[in-house]
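First up is the structure itself, then whatever we jot down about it.
Atoms within a ligand are numbered from 1 in the order they appear, just like the ligands themselves. In this text, all values refer to a predicted model and were calculated from it rather than measured experimentally. Hydrogens, waters and symmetry mates are skipped; everything else that's a heavy atom, side chains included, is used.
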Amino acid sequence: MVDQVFSNFLNWTREHEWGYPEQFQKTLDNGTQLTVWDSGVLVVEPKHTGDKDIILSCAVHGNETAPIEICSDIIQDIISGKQTVAHRVLFLIANPASINIEQRFVEENMNRLFSGAHSQGDQQNKERERAKKIEGYCERFYTSAPQRERRRYHYDLHTAIRDSKREKFAVHPFTDGKPYHREQLQFLLACGVDTILLNQQPTTTFSYFSYNTFGAQAFTVELGKVKKFGENNRADFQAAEDTLRRLVGEQALSFPEFEPEQHFMFAEAQTINRQHEEFELNFADDVANFTAFDKGDLLAIDGGENIYAQHDGEHIIFPNAQVALGQRALLTVIRVPTESLELV
Ligand SMILES: O=C(O)CCC(=O)N[C@@H](CCC(=O)O)C(=O)O
Ligand SMILES: [Zn+2]
């Protein structure tokens with residue numbers, strides 16, 4: 001079995017879509033230790049590890065294939081010795097069953113199940129069980145690091161359902177007053193991500209969980225548009241892949257000098273949760289993310305209640321009228337000057 005696990009970790013993971021009860025280990029010729037905690041859960045530890053503990057996750061949504069291809073390629077290059085490893089890394093292929101059915105999720109959107117949401121209410125399903133286990137793997141990974149100063153990172157890689165006027169963007173979890181990190185903005189810029197959405201309230205997303213629970217620098221990173229396996233133009237993702245490989249493989253990353261005008265920051269204006277079966281968006285399915293509306297424009301009708309833009313230049317993100325009741329059907333954001341933010 002161990003040969004199967006490491007010869008193609010993604011394929012083996014997909015064959016055991018809801019988990020695998022045994023662990024596997026392998027030590028590479030260069031001394032790097034590989035430990036499989038579960039299907040889709042791989043810990044990589046170099047012999048002399050640097051000070052970063054990095055989580056790279058993909059397939060929280062199973063039809064977002066480009067991040068899965070990127071993670072799989074990096075994993076296989078680590079196993080073959082082609083990709084160097086300077087820091088501890090936890091790779092998570094979060095929802096393999098949803099990959100297998102080529103859908104965003106099987107029963108329930110996994111990216112609404114973190115920070116304990118998996119155990120709230122009466123509902124039980126495999127995505128809830130998996131989200132709970134994933135929380136445990138993150139805790140085990142961050143807390144089993146060597147006892148010296150550590151820096152924690154988590155990039156949760158996604159692609160978006162709609163086209164986007166700003167192709168690559170990241171969601172920064174709610175900070176509750178803590179400052180933003182210039183180094184992270186520079187890292188994301190090197191990935192080709194020049195646009196950051198600043199959440200203004202806690203969420204039950206994976207990146208908020210890592211940020212809030214473990215103090216990790218954590219982001220949901222939207223790298224492009226949802227496509228099927230094999231249909232992604234990998235050149236569109238090259239900067240992101242190269243930068244993730246540098247993060248894993250180099251002791252310290254250096255970036256060009258921070259220039260505020262290179263970063264496009266947007267603050268959450270409204271989060272519109274669907275409250276009624278009768279819910280409609282007041283714009284077409286092909287209206288792209290980051291399309292701007294003006295104050296007073298009708299955005300959605302929820303059970304007879306009209307929901308309007310509250311600002312000029314209010315940009316729509318992630319519109320989806322089909323979400324489950326109570327879940328986010330639309331996020332709106334407004335541009336904020338980078339200089340107005342507290343940056344360290
Ligand atoms: O394109 C869409 O509508 C959804 C893309 C996606 O999966 N986005 C994440 C964002 C998570 C966050 O707000 O941090 C999601 O909706 O789970
Ligand atoms: Zn997603």
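Ring pair Trp12/His16 is tilted by interplanar angle, where 30° to 60° counts as tilted. The aromatic rings of Phe318 and Phe169 sit tilted relative to each other, their planes meeting at an angle between 30° and 60°. Using a 30° and 60° split on the angle between ring planes, Phe214 and Tyr142 fall in the tilted class, from 30° to 60°. Classification of the His61-His158 ring pair by plane angle, with boundaries at 30° and 60°, yields perpendicular.
Note on His61: its N/O/S atom closest to the Zn ion (ligand 2) is ND1. With respect to the Zn ion (ligand 2), His158 has ND1 as its nearest N, O or S atom.
For the side-chain contact (heavy atoms from CB on, under 4.5 Å) with Asp73, the qualifying choice from Lys82, Gln83, Arg245 is Arg245, the only one to do so. Of the candidates Tyr180, Tyr155, Tyr208, His172 forms a ring-ring contact (aromatic ring centres under 6.0 Å, His included) with just one, namely Tyr180.
Within the 4.0 Å heavy-atom criterion, the part of Thr220 lying near ligand 1 is the side chain and not the backbone.
For the atom pair CG (Asp194) and CZ (Arg166), the distance works out to 5.0 Å, reported to the nearest 0.5 Å.
For the pair His61 and ligand 1, the shortest N or O to N or O distance falls below 3.5 Å. An N or O contact shorter than 3.5 Å links Arg104 to ligand 1 by distance.
Taking the six-membered ring where the residue is Trp, the centroids of Phe209 and His154 are separated by 6.0 Å or more.
Residue contact check: His158 has heavy atoms under 4.0 Å from atoms 7 (O) of ligand 1. Those atoms of ligand 1 that come under 4.0 Å of a heavy atom in Thr205, given as number and element, are 11 (C), 12 (C), 14 (O). Remark: ligand 1 atoms within the under-4.0 Å shell around heavy atoms of Ala160 are 1 (O). Distances below 4.0 Å separate heavy atoms of Glu64 from the following atoms of ligand 1: 7 (O).
Looking only at heavy atoms of the protein, atom 1 (O) of ligand 1 is closest to Ile161 N, 2.7 Å. Of the protein's non-hydrogen atoms, Phe318 CD2, 3.3 Å is the one closest to atom 2 (C) of ligand 1. At the top of the distance list for atom 11 (C) of ligand 1, counting protein heavy atoms only, stands Asn111 ND2, 3.4 Å.
With a cut-off of 2.8 Å, the Zn ion (ligand 2) has no N, O or S atom of Glu222 in range.
Under a 4.0 Å heavy-atom criterion, Asn320 is not in contact with ligand 1.
One option in Arg112, Arg328, Gln322, Glu222 has a heavy atom closer to atom 5 (C) of ligand 1 than any other, and that option is Glu222.
Across every non-hydrogen atom of Arg88 and Ser144, the tightest pair is NH2-OG, 3.2 Å.
Defined by atom type and a distance below 3.5 Å, a donor-acceptor pair is missing between the side-chain atoms of His87 and Glu250.
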